[in-house]
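The next block holds one structure in the form of structure tokens; read it before the comments.
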2 protein chains.
Amino acid sequence: MEPTKIELEIMAAAKQLFLEKGFAATSTTDIARKAGCNQALIHYYYRTKENLFEKIYLAEVNNTLSIISTILDEPIEGLSIEEIIDRLIDTYFLMLRDNPKVPFFLVQELIINSERRESMRQLFILNPLRQEAYEKYKRLVYHLHEMGKITDIDPFNLLISVISLVATTFLSLPLYADLLQRTLAEQETYLSERKQEIKCMLISRLRP
Amino acid sequence: MEPTKIELEIMAAAKQLFLEKGFAATSTTDIARKAGCNQALIHYYYRTKENLFEKIYLAEVNNTLSIISTILDEPIEGLSIEEIIDRLIDTYFLMLRDNPKVPFFLVQELIINSERRESMRQLFILNPLRQEAYEKYKRLVYHLHEMGKITDIDPFNLLISVISLVATTFLSLPLYADLLQRTLAEQETYLSERKQEIKCMLISRLRP
DNA sequence: GTACTGTTTAATAACTCTATTAAATATGCT
DNA sequence: AGCATATTTAATAGAGTTATTAAACAGTAC
């Protein structure tokens, strides 16, 4: 059951288009054209557009979760809170630099397609990887608090704040670039300034 | 050139559907059904779906900007920074409580439809209301800094952070509700906890 | 009442989209 | 090679989409 070469092409094309334009605005004809194959082939492999989408969505969820899990595995023993935040945010930014559209994509379809939410719930919330990563994260926060390195804060709320700040940076990047007509160099500056600001904000919030 | 009763119905229906499902997933037939009129009538009034969409989009942009403008007009003389943030964030939350889907809607279509970005640029960036509100906001930040009430911070970066934190709260609300299967009361708690956390974060960041 | 205007609808053209089917290739096996 | 299986394509059904057109309807002016 090895995926064939063209199957990978279809997946890659579909991923690109779904990330870019969303489910509704992407047609199987678009995907076929991008993948360089006949439109019927997509249905041969996946039967429905919905199936293909769910496969891509699940892959993105899992990929994101495992990267986050890796981030949380970084050794932090003996580091100051400034250094810890520095490392975590740097890694998070690196991860999103490669996949800037992923966070938006993940929520977009959930928000838009409320019928899809139940199946997404199973892919995401009930995902063992997610549960594992979240537990790991909570232990980290409690541990840091016990060691007196950070103030008392609800881990869930902190997580939402971090995701908000970092994901929105990448979400806003194309708007920043196009609407304000910024060059690539300026976009880089924007990213690093946002990173700095986010670290600064988190450190002042977390300082005991 | 008074808008007729049914024209208002069409606008209301279109707004609801576009906000809910986005441009691509909403058909003029859907809109007509919701507005209780014939599908051709929509084209009689707006000629194209695109036109109708742009009208709604512009209305939302202007509405948002004027509300923000109002928020920034609140008198703050003599208040502590804690009180100022308290008021601004409270008002911002109130505004979004009535229109929780607006921020997502505004960026969604910009992100998805890159061809539309140029026309949106003209509706948004070059909008005099926006320029006015932004200038007002910058003056506020500089003023507060000069008075020694807040630390030295780039107003643009601060703005992005505030928008990120607040808008994402409402963006995540339906996911929080559905994915974690939370009751209405729990959603209320979530909102007020987020509000508290955001204020806390901003205050610790802004303290001189 | 009739003529004139603006509003609304039914009908439909012209597409596009998803999905299926049957036929055509390609690939591997003996 | 010859056969079986898997892959790929062309053709197309069937539904849904936007947009237009011509006809029906409603309201007003004379």
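Below, read A as the first sequence line, B as the second, and so on, with proteins coming before strands; counting in each chain starts at 1.
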Whole-Å distance, Leu52(B) CG to dA19(D) C1', equals 14 Å

Whole-Å distance, Phe53(B) CZ to dT18(D) P, equals 14 Å

Rounded to the nearest 0.5 Å, the CD1 atom of Ile84(B) sits from the CD1 atom of Ile89(B) at a distance of 12.0 Å

task = Give one of base, sugar-phosphate or nothing for Tyr46(B), where a contact means two heavy atoms less than 4.0 Å apart.
result = nothing

note: Asp30(B), atom CG; dA19(D), atom P; distance rounded to Å ~ 14 Å

Leu41(A) CG to dA23(C) C1', in whole Å, measures 15 Å

Practice problem: Ignoring backbone atoms, establish whether Thr28(B) has a side-chain N or O less than 4.0 Å from OP1 or OP2 of dT18(D). | Solution: yes

Between NZ of Lys49(B) and P of dT20(D) the distance, given in whole Å, is 15 Å

**Message:** Check this one for me: any side-chain N or O of Tyr44(B) less than 4.0 Å away from OP1 or OP2 of dT8(C)?
**Reply:** no

Glu7(A) atom CD is separated from dT8(D) atom P, nearest whole Å, by 9 Å

Against the side chain of Thr29(B), the closest entry in dT9(C), dT17(D), dT8(C) is dT17(D)

Heavy-atom contacts, protein to nucleotides 10-15 of chain D, under 4.0 Å, summarised as B (base), S (sugar-phosphate only) or - (none) per nt, yield B-----

Ile31(A) atom CD1 is separated from dT18(C) atom C1', nearest whole Å, by 11 Å

Q.
I'd like to know if Asp30(A) pairs up with Arg33(A) as an ion pair, taking the criterion as any Lys NZ or Arg NE/NH1/NH2 lying under 4.0 Å from an Asp or Glu carboxylate oxygen.
A. yes

* Output yes when a side-chain donor or acceptor of Arg182(B) lies under 3.5 Å from a complementary backbone atom of Gln187(B), and no otherwise. => no

Residue set satisfying side chain to side chain contact (heavy atoms under 4.5 Å, CB included) with Ile203(A), at least two apart, ordered chain then number -> Glu82(A), Ile85(A), Arg207(A)

Rounded to whole Å, the CD-P distance (Glu50(A) to dC17(C)) equals 17 Å

Among the nucleotides dA19(C), dT9(D), dT20(D), whichever has the atom closest to the side chain of Thr48(A) is dA19(C)

- request: Answer with yes or no whether the side chains of Thr29(A) and Gln39(A) bring together a donor and an acceptor at under 3.5 Å.
  value: no

Of Leu202(A), Ile153(A), Asn157(A), the one forming a side chain to side chain contact (heavy atoms under 4.5 Å, CB included) with Met201(B) is Leu202(A)

In this structure, CD1 of Ile111(B) is separated from CG of Leu173(A) (nearest 0.5 Å) by 9.0 Å

